[in-house]
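Below, chain A is the first sequence line, B the second, and so on; all start at residue 1.
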Amino acid sequence: MRLHRRHDRPLCPRGTSATDGFVGLGLTVCEGIVMSHNIFAAVRVRVLAALHRVVPGLPDEVAARVEVTPPREPAHGDMATNAALVAAKAAGRRPQEIAAALVAALLADPLVAEAGAAGPGFVNLRLHAAAWRGLLPLILRTGEAYGDSTAGAGVRVNVEYVSANPTGPMHIGHCRGAVVGDALANLLAKSGCDVTKEFYVNDAGNQVTALAWAAYFRYLQALEVPITEAGFSDIVPGGLQYRGDYLIPVGEALAAEFGTALLSPEGWIAETDAWLVPVRDVTIAMMLGQIREDLAALGVVQDVFVRERELVEAGAVDAAIARLEADGLVYRGVLEPPKGKTIEDWEPREQLLFRATQFGDDVDRPLQKSDGSYTYFANDIAYHAGKTARGFDLMIDVWGADHGGYVKRMQSAAKAFGGTLDVVLCQIVHVLKGGQPLRMSKRAGTFITLRDLLDEVGPDAVRFTMLTRKSDAQMEFDIDQAVAQTRENPVFYVQYAHARCRSVLRAAAELLGAAAVAPAALAGVALDSLEHAAELALLRRLGGWPRSVEAAAVAREPHRIAFFLSDLAGDFHVLWNRGRDDSALRFLQPDRPVETLARVALVAATATTIRSGLAVMGVTPVEEMR
RNA sequence: GGACCCGUAGCUCAGUUGGAUAGAGCGUCGCCCUCCGAAGGCGAAGGUCGCACGUUCGAAUCGUGUCGGGUCCGCCA
């Protein structure tokens, strides 16, 4: 339970049986570094043991606040702990006094080389270099699974992202959510959660009716029915909405499948009864197919597609509303008009309302439109109730920031059905090219589809770049920078580090034989020669990987993985550059096989860790940059 | 009128959930390299963390207020 208490936002909701997974993690950590893979967690256990000796009877909730972290200032050592500061009040003693006792206790630990009290009561630790070197065999034997954790074991998580109207191709506005959701799902899976990636198809509303009309127009064109776009638009209720070329193939497909059967007997526009449903269904199927292709090109392949229309037709909405009624969470009432915002034809109206205020929302929310049909919200309630019924302990929805006002009501609804919903909002992406913002507008013809972006930049650069910002901050996507082969492009910088590692490993195989540089063989080599500051800095960075994964998962912030990899690449490039000026510092030294093998082990572990991180991001590691 | 997000170096952004002297890249300035380990390397300057109170051993981080930018506010999804 320690990890659970240490964070405000556990991987899984409180009070579920799934929290038992955290007990497992605590036990694993107690058994040592090898079991947990997380050297910081392992040292924390040792610090806690020492603290309990220094301060007998320390309450669990105080111990839970003890942290072992890398210090900002490397001069302070390898790790720092706030243990004495945290324990001082409960112990009724001065922090410095506890720190001093803690230092004495920790100096007896075989992992600890140096310990010292500093500042208001911090304890700084320096581990023996051997402790850090000991990570290499672990990493080499574990492979890309290095950084995997059991923190989320037993937690079933549903991550829903990209969900959109199937009314057209994916565009850049969808792209960020697709990447963030996919990487977040990967991150939670790496943390031990049982993750389902899901797409909710909004195919039940008015938008798909408008889409059907637009497709019908293209069908008429395919059959050369003589009608202009303007003339047709006058006939469509609300006017023709989707005018893009992308529906032309749909019209042709409809003509091929149905011939003239969807026309009136006179060869003209027929009553909607005669064509709307088949046109709609064919169009949605084709649009959805294109969306899935576009997403696949981005590397996004989701496990489950839920159709809103199927939920509605199966009666799921009626059932969900009935359940809410049974629980007394639904009533008929009149909402106040929003203040400060004038709505033209506002008139007080009695509506079916959900008591969202009982769960923390600001107002109760309508479930029915004036024509008696359900609102989108009502359908969404049924959808999320269904997720909880399917057995998910946690739901995470990734939405665009324009849905921010929708978060509280959906979380309220999730709670009403006993579920837990986290929402990750993705802010707007401004696309830059040649230093100029590309204004996206369908009319101006500067509308950028996901496919366009992928053709120009490639999926790896798109995914990595989308993860170089916190998702709730606006970001600029500079197309020129994303394809640049320079230091300022983090995609290149990280890929380049991996390619350099692989290059060294290929050369090492030439020099020493492939068998000698296989991971299993490298896991057994002598590592004592690794003692340069830059080598140890890289080792420490590698040791921070499991900790970074866990923190990113708990915070639901996959962008942290991108920053970790950039830092790791930086550490590696420093080491590489040492060999530029002084050939004795190069990784491969033909006359010094022991040192060479140690360095090759370090390089191999670096490549492995980079791959482990890129896998979370869904970015392909490259073998060479030529 | 209200809700949510953001405000950190000239620019674009991190900041390990409250820790020590706030960081990176670009840009600027200085030095080095420019054949064999390649698209560069080393270093410097640059900050009232929008502002004001508050919480405590300790605040960029939490609370309240305020200013600025963004998104949204019954039958679009």
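In this structure, Phe122(A) forms an aromatic stack with the base of A20(B), since both conditions hold: centre separation below 5.5 Å and plane angle below 30°.
Residue Ala401(A) is classed as a sugar-phosphate contact, given heavy-atom separations below 4.0 Å to backbone atoms only. Tyr376(A) comes within 4.0 angstrom of a base, heavy atoms only. Asn206(A) comes within 4.0 angstrom of sugar-phosphate atoms only, judged by non-hydrogen atoms across all strands, and of no base. Glu347(A) comes within contact range of at least one nucleobase, with a heavy-atom separation under 4.0 Å. Across all strands, Pro337(A) comes closer than 4.0 Å to no nucleic acid atom at all (heavy-atom distances). Note on Pro95(A): nothing from the nucleic acid sits closer than 4.0 angstrom, heavy atoms only. If you check every strand for non-hydrogen atoms under 4.0 Å, Gly205(A) touches sugar and phosphate atoms only.
Residue Arg500(A) has a polar side-chain atom (N or O) positioned under 4.0 Å from OP1 or OP2 of A39(B). For U12(B), neither phosphate oxygen OP1 nor OP2 lies less than 4.0 angstrom from any side-chain nitrogen or oxygen of Lys470(A). An OP1 or OP2 oxygen of A39(B) is reached within less than 4.0 angstrom by a side-chain nitrogen or oxygen of Tyr496(A).
Both tests do not hold together for Arg500(A) against Phe572(A): distance to the six-membered ring centre under 6.0 Å, angle to the ring axis within 45°.
For Glu308(A), the listed nucleotide lying nearest its side chain is A77(B); candidates were U16(B), A39(B), A77(B). Closest approach to the Ile428(A) side chain among U17(B), G37(B), G70(B) is made by G70(B) (side chain taken as heavy atoms from C-beta onward).
The number of heavy atoms from other shown groups lying within 6.0 Å of CD (Glu336(A)) does not exceed 12.
Toward the 5' end of RNA chain B, the nearer of the two residues Leu425(A) and Asp567(A), judged by each one's closest nucleotide, is Leu425(A).
Residue Arg547(A) places a side-chain atom within donor-acceptor reach of the base of U16(B), judged by atom type and a 3.5 Å distance cut-off alone. One cannot find a donor-acceptor pair under 3.5 Å joining the base of A14(B) and the side-chain atoms of His559(A).
For the residue pair Gln411(A) and Tyr406(A), no side-chain donor N or O sits within less than 3.5 Å of a side-chain acceptor on the partner.
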